[in-house]
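Inspection log for the structure reproduced underneath, given as structure tokens.
Predicted model, so just to flag it, every value in this text is computed and none were measured.
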Amino acid sequence: MLYSMKYVVENLNISAKTLRFYEEQGILPNVSRDERGRRVYNEQHIDWISFILCLRETGMPISRIKEYKDLYVAGNTTFLQREEMLIQHKLEVQKKIEESVKHLEEINYKIAMYELQKEEVGKNPNYNFKCHGLEVKIEN
């Protein structure tokens, strides 16, 4: 089955400009044209676009996606290289997730401190707000 650019844009949440960019960069190869010269995409393109979007969402740069695509096109002799690329990227994503969880814990702690002291601050505008062991003295 063939899909129009409009279909791809609407169903994969990607802009036409981005599709053209991916094609120009060589990470979306072999895009055909219909009799009017409009781009048409097949199932393999749809799968590949979805994979590109997944990698981009996880922070993989275009240059590494292109490297992966080039290795894929080279065939099964690059199987282990592609696997290693994905493993390394997975480790990078996991590290970012761990850092984000740490930041989220800090934010949650700060919110909890506000919640614990909200009533007191409401009663007494000069209350010395405490957070992370520091006292914030409010002077009027």
Side-chain angles (χ1 to χ4, degrees):
M1 185 165 191
L2 297 178
Y3 303 92
S4 67
M5 182 178 276
K6 181 180 178 182
Y7 173 88
V8 175
V9 165
E10 291 174 355
N11 289 279
L12 295 182
N13 196 27
I14 186 171
S15 71
K17 181 179 178 180
T18 300
L19 282 170
R20 288 188 291 271
F21 175 75
Y22 288 167
E23 189 177 349
E24 291 166 7
Q25 295 300 307
I27 61 173
L28 185 58
N30 306 319
V31 176
S32 301
R33 308 282 177 139
D34 66 11
E35 61 280 350
R36 292 183 175 174
R38 297 176 297 197
R39 289 170 174 85
V40 290
Y41 303 91
N42 60 30
E43 294 288 338
Q44 186 177 4
H45 289 124
I46 299 298
D47 290 344
W48 186 243
I49 293 165
S50 296
F51 185 59
I52 293 169
L53 293 173
C54 172
L55 293 175
R56 290 295 296 143
E57 285 289 319
T58 63
M60 184 179 278
I62 294 292
S63 60
R64 285 187 54 205
I65 294 172
K66 181 168 182 351
E67 181 183 351
Y68 179 90
K69 190 273 310 175
D70 291 343
L71 290 170
Y72 179 83
V73 169
N76 284 340
T77 59
T78 66
F79 180 88
L80 294 176
Q81 288 172 276
R82 288 180 278 142
E83 180 187 37
E84 184 59 29
M85 278 186 76
L86 293 176
I87 289 169
Q88 287 305 311
H89 187 64
K90 175 187 170 190
L91 294 173
E92 291 168 16
V93 170
Q94 283 176 323
K95 183 178 179 186
K96 288 178 186 175
I97 290 170
E98 289 166 5
E99 289 171 357
S100 291
V101 167
K102 180 181 173 196
H103 297 309
L104 184 59
E105 288 170 352
E106 285 288 321
I107 292 168
N108 283 336
Y109 173 78
K110 183 84 164 179
I111 291 170
M113 294 301 296
Y114 274 88
E115 288 295 319
L116 287 171
Q117 298 177 73
K118 185 187 296 184
E119 185 178 331
E120 194 61 42
V121 171
K123 288 179 194 174
N124 179 1
N126 293 322
Y127 176 76
N128 292 331
F129 177 75
K130 297 174 188 170
C131 189
H132 294 285
L134 300 174
E135 249 183 53
V136 179
K137 294 187 180 192
I138 302 170
E139 298 178 16
N140 289 336

Pairwise distance [atom1]([X]) to [atom2]([Y]) - rounded to 0.5 angstrom:
X      : Y     : atom1 : atom2 : result
Ile62  : Ile27 : CD1   : CD1   : 4.0 Å
Ile14  : Tyr22 : CD1   : OH    : 5.0 Å
Gln81  : Glu83 : CD    : CD    : 11.5 Å
Lys102 : Glu98 : NZ    : CD    : 11.0 Å
Arg39  : Arg33 : CZ    : CZ    : 4.0 Å
Ile46  : Met1  : CD1   : CE    : 10.0 Å

For the hydrophobic clusters of this structure (ILVMFWY residues joined by side-chain heavy atoms under 4.5 Å, transitively), does one cluster hold both [X] and [Y]?
X     : Y     : answer
Leu86 : Val73 : no
Phe79 : Trp48 : no
Leu80 : Tyr68 : no
Phe21 : Leu53 : yes
Ile52 : Met85 : yes

>> I'd like to know if Glu115 pairs up with Lys118 as an ion pair, taking the criterion as any Lys NZ or Arg NE/NH1/NH2 lying under 4.0 Å from an Asp or Glu carboxylate oxygen.
In response: yes
Would you call [X] and [Y] a side-chain contact if the rule is heavy atoms closer than 4.5 Å?
X      : Y      : result
Lys95  : Glu99  : yes
Lys6   : Val9   : no
Tyr109 : Glu105 : no

>> For Gln94 and Lys90: C-alpha separation, side-chain torsions, deciding distance, then whether side-chain contact (heavy atoms from CB on, under 4.5 Å) applies.
In response: CA-CA 6 Å; Gln94 283 176 323; Lys90 175 187 170 190; 3.5 Å; yes
> Have Tyr3 and Glu43 got a donor and an acceptor in their side chains that come within less than 3.5 Å?
Replying inline: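 Judged by distance alone, the side chains do pair up.
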>> Are Tyr72 and Phe51 an aromatic pair, judged by ring center distance below 6.0 Å?
In response: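 That pair fails the under 6.0 Å test.
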Over all atoms of both residues, closest heavy-atom pair of [X] and [Y]:
X     : Y     : result
Met60 : Ile65 : SD-CG1, 3.5 Å
Ser50 : Leu12 : OG-CD2, 3.8 Å
Tyr41 : Met5  : OH-CE, 3.3 Å

Is the count of non-hydrogen atoms from other residues, nucleotides or ligands lying under 6.0 Å from [X] atom [atom1] greater than 12?
X     : atom1 : result
Asn76 : CG    : no
Asn13 : CG    : no
Gln44 : CD    : no

Tell me if a side-chain donor or acceptor on [X] pairs with a main-chain N or O of [Y] at a distance below 3.5 Å.
X     : Y     : value
Lys69 : Gly26 : yes
His45 : Asn30 : yes
Ser15 : Thr18 : yes

> Between Gln88 and Glu84, does a side-chain hydrogen bond (donor to acceptor under 3.5 Å, both in side chains) hold up when you go through it step by step?
Replying inline: CA-CA 6 Å; Gln88 287 305 311; Glu84 184 59 29; 2.8 Å; yes
